[in-house]
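Everything quoted here is computed from the prediction, not taken from an experiment. Order of the sequence lines fixes the chain letters, A, B, ..., with proteins taken first and strands second; residue numbering starts at 1 for each chain.
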Amino acid sequence: MLEADRLHLWRGERHVLRAVSVAVRAGEAVHLAGPNGAGKTTLLRTLAGFLWPEEGSIRWCGRPIAADPDGYAGATAYLGHDNGLKADLTAGENLHYLTRIRRPADDAELAAMLSRVGLAGRAEAPLRTLSAGQRRRVAMARVALSGAPLWLLDEPFTNLDVAAVGILTGLITDHVDAGGLAVFTAHSEVPLGGRTRRLALA
Amino acid sequence: MLEADRLHLWRGERHVLRAVSVAVRAGEAVHLAGPNGAGKTTLLRTLAGFLWPEEGSIRWCGRPIAADPDGYAGATAYLGHDNGLKADLTAGENLHYLTRIRRPADDAELAAMLSRVGLAGRAEAPLRTLSAGQRRRVAMARVALSGAPLWLLDEPFTNLDVAAVGILTGLITDHVDAGGLAVFTAHSEVPLGGRTRRLALA
Amino acid sequence: MSGARDPVSLPSAAARVFGRECRLGVRRVGELLQPVTFFLMVTTLFPLALSPEPSLMRNIAPGVVWVGALLSSLLSLEGLFRADLDDGTLEQLVLAGQPLAGLVAAKVLAHWLLVGVPLVLAAPLAASSLSVPAAALPVLMLGLALGTGVIVFVGAVGAALTLAGRRGSVLLSLLVLPLVMPVLIFGARATDEAVRGDSAAGGLWLLLAMLILAVTLAPLAVAAAVRICLE
Amino acid sequence: MSGARDPVSLPSAAARVFGRECRLGVRRVGELLQPVTFFLMVTTLFPLALSPEPSLMRNIAPGVVWVGALLSSLLSLEGLFRADLDDGTLEQLVLAGQPLAGLVAAKVLAHWLLVGVPLVLAAPLAASSLSVPAAALPVLMLGLALGTGVIVFVGAVGAALTLAGRRGSVLLSLLVLPLVMPVLIFGARATDEAVRGDSAAGGLWLLLAMLILAVTLAPLAVAAAVRICLE
Amino acid sequence: MATWTWFHRLASPPHVYRISGAFLPWLALFTALFIGYGFYGGLVLAPPDYQQKDAFRIIYVHAPSAWLSMLAYVTVAVAAAVGLIWRMKVAHAVAASAAPIGASFTFLALLTGSLWGKPMWGTWWTWDARLTSELILLFLYLGYLALRGAFDDRARADQASAVLAIVGVVNIPIIHFSVVWWNSLHQGSTVMKLARPSMPGSMLWPLLSSLLGFTLLFAALLCVRLRAEIIDRERTASWLRPIVGAA
Ligand code: HEM
Ligand SMILES: Nc1ncnc2c1ncn2[C@@H]1O[C@H](COP(=O)(O)OP(=O)(O)OP(=O)(O)O)[C@@H](O)[C@H]1O
Ligand SMILES: Nc1ncnc2c1ncn2[C@@H]1O[C@H](COP(=O)(O)OP(=O)(O)OP(=O)(O)O)[C@@H](O)[C@H]1O
Ligand SMILES: [Mg+2]
Ligand SMILES: [Mg+2]
């Protein structure tokens with residue numbers, strides 16, 4: 001459903017993506033692997049529409065993503081090296097605003113997701129008072145609440161403890177099993193069973 | 001040589017450290033473990049002297065660290081969730097300034113360390129054009145060059161690929177074997193052999 | 001499954017963005033009050049530095065108030081998108097799946113309220129310390145309300161364009177200043193006329209026309225600039 | 001093994017910090033030129049907004065120049081330690097194992113050079129646009145050189161104190177302004193005397209005394225504040 | 001070492017709480033006596049001034065509150081320095097309690113001064129050295145209070161605001177000597193040159209009494225606020241439980 005074909009991209013003088021192709025079908029997760037500086041973040045940001053490849057095409061449901069950028073954006077959830085959360089808002093407020101500019105969601109759903117990521121008691125805490133792993137948990141709750149069929153996750157397991165890794169794996173599994181798509185990067189193996197296909201960048 | 005005794009510390013209304021004691025001897029590395037929000041970062045920052053415990057004492061070579069803060073600071077290298085590097089300076093410049101406010105070091109030494117962390121060709125690249133893992137590598141080069149006997153590392157393996165994990169493990173091993181001390185946090189096991197003692201926070 | 005399950009309408013998404021800005025403003029009251037304190041500082045520092053002859057003061061008062069308002073709203077613009085870019089929330093806005101121009105319009109509107117209203121409310125204080133007659137206050141306040149709107153909307157384009165590269169608000173001032181100079185000139189002239197007891201309607205209508213133009217066109221430019229500057 | 005292997009001396013460590021600031025300033029020329037552009041903006045916007053009567057202009061010119069200089073150097077202070085705090089390099093400075101006051105003194109000194117020198121060099125331009133006689137220029141420039149030093153050193157204390165908590169440069173202005181008000185008053189008065197052809201030596205000596213006081217005492221306060229505000 | 005432990009015992013929160021409670025009634029009593037005599041003597045008994053008529057009577061509020069605005073600032077700065085140097089929590093509590101009182105006296109001095117200025121100088125306000133430095137004092141107080149409010153953590157708020165208070169103390173001599181250093185519109189020192197008072201006794205004694213009364217008032221208010229501050233800071237401490245439980 002998402003097809004990127006022979007992407008080429010330069011950053012400054014560096015030819016970072018050289019004829020990279022990815023195809024992700026519904027119900028499938030792709031694990032982008034590769035050493036530091038291989039271009040994983042670059043590829044994910046290109047798939048998210050933040051960077052434009054100099055050559056090659058990206059299609060979503062068969063149509064180039066440039067044809068309907070807002071529609072494609074509405075279908076995408078992105079988690080980068082930054083969490084995309086406001087330090088001055090509480091965990092609950094962050095989820096409230098970021099979810100509801102995308103889709104209607106009732107309070108119970110937000111609360112349920114916060115407790116699923118293990119932060120039931122911390123909804124009222126300003127994000128700046130949470131630990132690094134707790135913030136990452138809020139960010140993954142945001143992705144799970146987005147309702148987007150395509151998840152683009154850049155090292156989502158960063159800072160997470162063992163329990164949280166389990167929770168995130170569960171979220172991805174549920175999403176993929178419900179027909180969602182996911183592309184994520186990680187430096188170690190992720191126990192997602194047969195749902196994952198691995199793609200190594202140079 | 002570093003002894004922290006029954007530390008208590010509140011952050012806001014939260015009693016984060018409750019009677020935590022750590023002792024690290026020369027030639028030993030302590031692996032701080034614990035779930036997200038357990039207080040690992042808080043403990044490391046307390047040991048670095050950025051936070052002051054409400055109760056308890058921290059001693060370095062038998063003397064309270066408050067007795068000679070500058071001397072203790074000179075003996076400490078800290079790597080936090082942030083890298084402590086300037087995005088506008090190149091990798092080489094960052095190492096140049098941060099190392100040489102602590103100790104004299106010749107250019108060859110800096111260049112050798114950069115190539116040991118796998119960035120020999122990137123010394124002239126502004127840090128903002130490096131990938132997340134490459135920045136973390138520069139930060140670990142900074143720690144290794146500091147000449148400090150005590151290393152305090154907060155999730156140093158974040159964003160590192162397999163090769164870089166090996167390099168960092170090697171750096172810590174060399175440091176500890178030369179009589180250095182290290183306290184680090186990590187959510188997974190680290191292959192440091194018998195040098196490591198594990199300390200779990202609640 | 002080509003889009004989100006059931007998307008929200010643009011007005012309600014824009015309302016969320018507006019609400020979020022206001023909430024953030026309230027959380028960071030210090031930052032919110034910065035432009036207005038700065039405005040009061042500029043306008044009260046003058047009497048201190050100049051020889052305080054009341055007759056001279058009244059002559060330059062409209063200009064001082066308008067320069068103060070222009071500078072303080074310009075300064076508040078630097079952080080408009082920068083903070084969102086740094087913590088990654090700007091990306092989330094772009095990926096909301098809504099027409100971006102609508103969302104940024106809501107954001108800029110909230111900024112205008114948060115910056116402009118305190119300025120307008122503080123204007124009588126500044127004016128009285130510069131011995132502007134009370135009769136000129138309505139024109140001054142109305143003019144400032146319209147003028148800060150133009151400055152904020154036009155300035156938002158500059159703020160979005162200067163996101164890429166290093167942070168440098170100098171570029172922002174250089175881009176925006178020529179565009180908003182007419183606001184300063186007409187605003188100060190209208191106030192001056194009101195101080196002399198003449199009719200200031202012409203200047204105010206001109207400011208209103210500029211405001212309408214800015215509010216309709218600027219969001220499109222901002223949206224385009226934001227997309228360009230994310231990398 | 002109780003300390004680092006062979007530590008460097010404080011002067012050479014301070015020289016590194018100084019060098020680093022200068023290098024960063026050169027990298028971010030945009031940011032570096034911000035205060036001086038702002039200064040020129042403030043001083044040239046006035047003739048635009050006011051009715052430009054030369055006699056009146058000459059009366060208020062010293063005040064305008066000094067207010068411009070005060071505001072622009074104040075604004076440059078917000079980022080002085082904030083950027084270092086955000087990327088973690090401030091911690092590295094604290095952990096250098098050197099007397100912190102010495103290192104921050106080097107940093108503030110570099111900031112003074114990078115901000116103050118352009119201001120002093122731009123002063124003739126600003127002064128001529130305000131029709132200040134050329135004879136008053138030496139006093140103006142010397143006064144600005146001394147005055148920006150006081151503002152930067154005193155302001156650094158405010159910048160360090162406002163590091164903790166939310167970012168809010170309003171607080172910074174609120175803290176620093178009362179402390180540097182005398183600089184403004186004496187600076188403007190000395191310039192005014194020079195414009196009238198009187199001797200301005202008294203004011204300049206006073207500025208020098210304040211500068212010496214600020215340079216010797218402020219770094220201690222800054223160092224204490226930085227230690228307090230790191231968490 | 002003995003004096004040292006004595007010093008610290010003296011400065012323990014329960015001790016300070018108890019002592020300030022014991023002083024409070026006496027302070028209140030003498031405040032009432034001195035201010036009572038000062039105001040009665042100044043506002044009723046003293047003859048109208050031959051130049052200013054009755055306008056001069058505002059001095060009985062203006063001079064004491066202006067004096068207190070400076071005394072309170074020095075109190076804040078000294079307490080803050082003690083707190084910073086010897087890490088004494090009670091000293092920080094004293095600084096925190098004194099600052100709002102001082103700000104109020106500063107405001108009162110500015111208000112009464114400008115009320116007096118209208119008949120005397122024909123204007124509410126001019127940018128005169130003494131007036132400006134007193135206004136700066138108000139800004140300093142406001143900055144101090146704002147800085148306190150900017151911290152979530154009380155220990156850090158204490159220390160950071162202490163640094164500011166100490167730095168700001170340079171303003172106090174400027175206020176006091178402003179009339180000497182610059183030719184100012186404002187009155188030169190009248191009261192302090194007791195050797196050759198430039199004021200008849202019927203005006204002077206009530207003024208001195210009201211000066212003393214205001215000082216005692218400051219002490220009394222400080223005790224009240226300090227006790228509240230201590231309760232707030234020590235709310236988890238065991239020694240407070242019987243006291244707070246009883247109230
Ligand atoms: C807003 C206007 C004014 C302000 C801010 C102000 C401020 C002060 C201050 C700070 C002091 C204490 C000085 C010290 O003890 O070192 C003081 C004392 C005094 N002020 Fe004012 N003042 C103002 C207006 C006036 C006016 C209009 C008068 C009457 C002409 C006046 C008469 C006095 C007198 C007689 C004293 C006591 C002098 C002494 O014994 O030291 N003040 N004022
Ligand atoms: N400034 C603060 N104010 C209040 N509470 C805080 C503050 N900073 C941290 N905390 C809380 O203190 C606890 C410990 O945080 P800390 O960052 O030390 O955890 P950690 O063990 O490093 O977690 P992680 O593995 O997620 O990095 C957390 O519950 C956190 O919410
Ligand atoms: N703005 C830029 N200008 C120039 N080169 C860049 C820029 N950003 C990234 N690069 C370079 O592009 C390459 C790919 O970077 P990218 O961040 O995509 O790597 P990555 O695979 O995500 O690595 P990591 O595992 O460390 O996160 C790197 O060599 C990096 O140095
Ligand atoms: Mg990456
Ligand atoms: Mg942590």
ring-ring contact (aromatic ring centres under 6.0 Å, His included) contacts touching [range] (sequence neighbours left out):
{"range": "residues 99-134 of chain A", "result": "none"}
{"range": "residues 109-146 of chain B", "result": "none"}
{"range": "residues 100-120 of chain A", "result": "none"}

At a 4.5 Å cut-off on heavy atoms, which part of B:Ala163 comes close to chain A: side chain, backbone, both, or neither? neither
For chain B and chain A, what donor-acceptor pairs lie under 3.5 Å, backbone included?
from, atom 1, to, atom 2, distance (Å)
B:Asn36, N, A:Asp161, OD2, 2.8
B:Asn36, OD1, A:Arg137, NE, 3.0
B:Asn36, OD1, A:Arg137, NH2, 3.2
B:Asn36, OD1, A:Asp161, N, 3.2
B:Asn36, ND2, A:Asn159, O, 2.9
B:Gly37, N, A:Ser131, OG, 3.3
B:Ser131, OG, A:Gly37, N, 3.3
B:Arg137, NE, A:Asn36, OD1, 3.0
B:Arg137, NH2, A:Asn36, OD1, 3.2
B:Asn159, O, A:Asn36, ND2, 2.8
B:Asn159, O, A:His187, NE2, 3.3
B:Asp161, N, A:Asn36, OD1, 3.3
B:Asp161, OD2, A:Asn36, N, 2.7
B:His187, NE2, A:Asn159, O, 3.3

